[in-house]
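To start, the structure under review is shown below, and the notes come after it.
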Amino acid sequence: MTLPNPQGGSLLARYLTPEVWEQLKDRETRYGVRLEHVVASGLKNPDSAVGVYAGDEESYTLFAPLFDPIIADYHGFGPEARHESDLEPAHLNAPNPDPEGRYVVSTRIRVARNLCCFPFGSALTRRERRIVEATVVRALEDLSGELAGSYHPLYAMDRATRERLIQSHFLFKEGDRFLKAAGLNRDWPDARGIFHNPDKTFLVWVNEEDQLRIISMEPGANLQRVFARLTRALAELERRLTFAFSERLGYLTSCPTNLGTAMRASVHVRLPGLAADEARLKALAAKHGLQVRGTHGEHSQSEGAVYDVSNKQRLGITEVEAVRRLAEGVAALIAAEQRT
Ligand code: ADP
Ligand code: CIR
């Protein structure tokens, strides 16, 4: 492949220099992941924010001259840094930022995980993806109490049910062009699905961008309770599954923005006053290390002045600290809203 010229303002365009291309272009991981696979999404989608996906654990070391500057830029995490995890709810001090329930519609905390000893989604074969699904579902069906639920494979779900679950924020969207270009949508909908408890407060997406997206969510702003539920689920799943993990980068994920905690803790918050100036809202959120997305997640618009506000940094920060900062930042946004 000849030297590509990535367009746009993505991190790929910033860091894929001719020197990096020359250095990495003939390398191949043991699962056959090559540089052209890693950069495919960003080349195809010039409006990418990041533009790269790892095909397996080894991608992060073999293609480090490309990943490391992207990771440093996004997370502020240098080559010498070490990631530390803290999933102990007793360490969390995150008071409800909206005790009267006037602004925060709902809270959701998700983490991404991939199974050790398989490639990630963009490099899985159809057969391997089915093995991943069966392995994950076996572990999930063993859960009890509040975490007990059932698995719903996507192929067996009718369109209306799928649409309803997507609209109510429980299920991943379909046909994401960034994931498609990375090879993450191959064989769709085979071996994809969703597990959830009857209340839909604990959910697991199987074989979307990552092999597992483990989600705790509920109406309101009780971050403490949402976090505690998630950590209980993680402890149970860690006993049944082995996840891809690195001493340096923490939990390993398809997209380098999710490394480390692999956690995105978010609230859906209604901010009609601040909505009048979205640039100012985003700048205010950024001051608190928070990212603003639309009502239907990444690459969507806000509806009814409801914004998805979440931690931007996921690597080089503990889970506990990321949730604490979310509580603090959301309280500040609500205070600013009250002044409008
Ligand atoms: P991810 O959370 O995996 O990074 P998305 O940004 O696509 O991916 O969000 C996935 C879904 O979760 C979307 O439907 C989004 O609206 C929903 N969501 C995110 N945060 C919340 C929240 N606090 N309350 C309800 N739904 C949420
Ligand atoms: C992109 O590069 O825009 C997509 N591949 C998604 C990147 C991760 N999301 C994010 O930073 N908000």
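Both counts, for ligands and for their atoms, begin at 1 and track the order of listing. Every value quoted in this text rests on a predicted model; they were computed, and no experiment measured them.
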Considering only the protein, which heavy-atom contact is closest to atom 25 (C) of ligand 1, and what is its distance? S106 OG, 3.1 Å
I'd like to know if the side chain of E128 reaches the main chain of T125, judged simply by a donor and an acceptor atom lying under 3.5 Å from each other, with no hydrogens or angles considered. yes
Please state whether the rings of H152 and H196 are parallel, tilted or perpendicular, taking 30° and 60° as the class boundaries. parallel
Classify the ring geometry of Y251 against F243: parallel below 30°, tilted from 30° to 60°, perpendicular beyond 60°. perpendicular
Report yes if the distance between the aromatic ring centroids of Y60 and F67 is under 6.0 Å, otherwise no. yes
Donor-acceptor pair, distance only, cut-off 3.5 Å: does the side chain of N45 make one with the backbone of S48? no
Ligand 2: protein N/O within less than 3.5 Å of ligand N/O:
| residue | atom | partner | partner atom | Å |
| --- | --- | --- | --- | --- |
| ligand 2 | 2 (O) | A49 | N | 3.2 |
| ligand 2 | 2 (O) | V50 | N | 2.8 |
| ligand 2 | 2 (O) | G51 | N | 2.9 |
| ligand 2 | 3 (O) | A49 | N | 2.8 |
| ligand 2 | 5 (N) | Y53 | OH | 2.6 |
| ligand 2 | 9 (N) | E298 | OE2 | 2.3 |
| ligand 2 | 12 (N) | E298 | OE2 | 2.8 |

Can you name the atoms of ligand 1, numbered from 1 with element, that are less than 4.0 Å from a heavy atom of W205? 3 (O), 10 (C)
Within the 6.0 Å centroid threshold, strictly below: F172 and W188: yes
Closest to atom 7 (O) of ligand 1 by heavy-atom distance, out of E218, R108, R314, E298, is E298
Go through ligand 1 atom by atom and flag the ones less than 4.0 Å from a non-hydrogen atom of T295. 16 (O)
Ignoring hydrogens, just give me the one of R110, M217, R293 whose non-hydrogen atom is nearest atom 8 (O) of ligand 1. R293
Over 60° means perpendicular and under 30° means parallel, so classify the ring planes of H296 and H169, tilted if in between. parallel
Decide yes or no for F120 and Y53: does some side-chain heavy atom of the first lie under 4.5 Å from some side-chain heavy atom of the second? no
For R264, the ligand 1 atoms whose distance to one of its heavy atoms is below 4.0 Å: 1 (P), 2 (O), 4 (O), 5 (P), 6 (O), 9 (O), 19 (C)
Any cation-pi pair here, R192 with Y155, using under 6.0 Å and within 45°? no
Do Q313 and Y74 have side chains that get closer than 4.5 Å, going by heavy atoms? no
Which ligand 1 atoms does D308 reach within 4.0 Å, using its non-hydrogen atoms? 19 (C), 20 (N)
Could you establish whether N258 and ligand 1 come within less than 4.0 Å of each other, counting only heavy atoms on the residue side? no
Under a 4.0 angstrom heavy-atom cut-off, which atoms of ligand 1 come close to V267? 23 (N)
The atoms of ligand 1 lying under 4.0 Å from a heavy atom of S266, numbered in the order shown, are 19 (C), 20 (N), 21 (C), 22 (C), 23 (N)
Side chain, backbone, both or neither: the part of E209 lying under 4.0 Å from ligand 1 by heavy atom: neither
Atom 17 (C) of ligand 1: which protein heavy atom is closest, and how many Å away? H169 CB, 3.8 Å
Should the pair R108 and W205 be classed as cation-pi, given the thresholds of under 6.0 Å to the six-membered ring centre and 45° from the axis? yes
With distance as the sole criterion, is a donor-acceptor pair present between the side chains of R314 and N258 under 3.5 Å? yes
Interfacing atoms of ligand 1 (cut-off 4.0 Å, heavy-atom, R213): 1 (P), 3 (O), 4 (O)
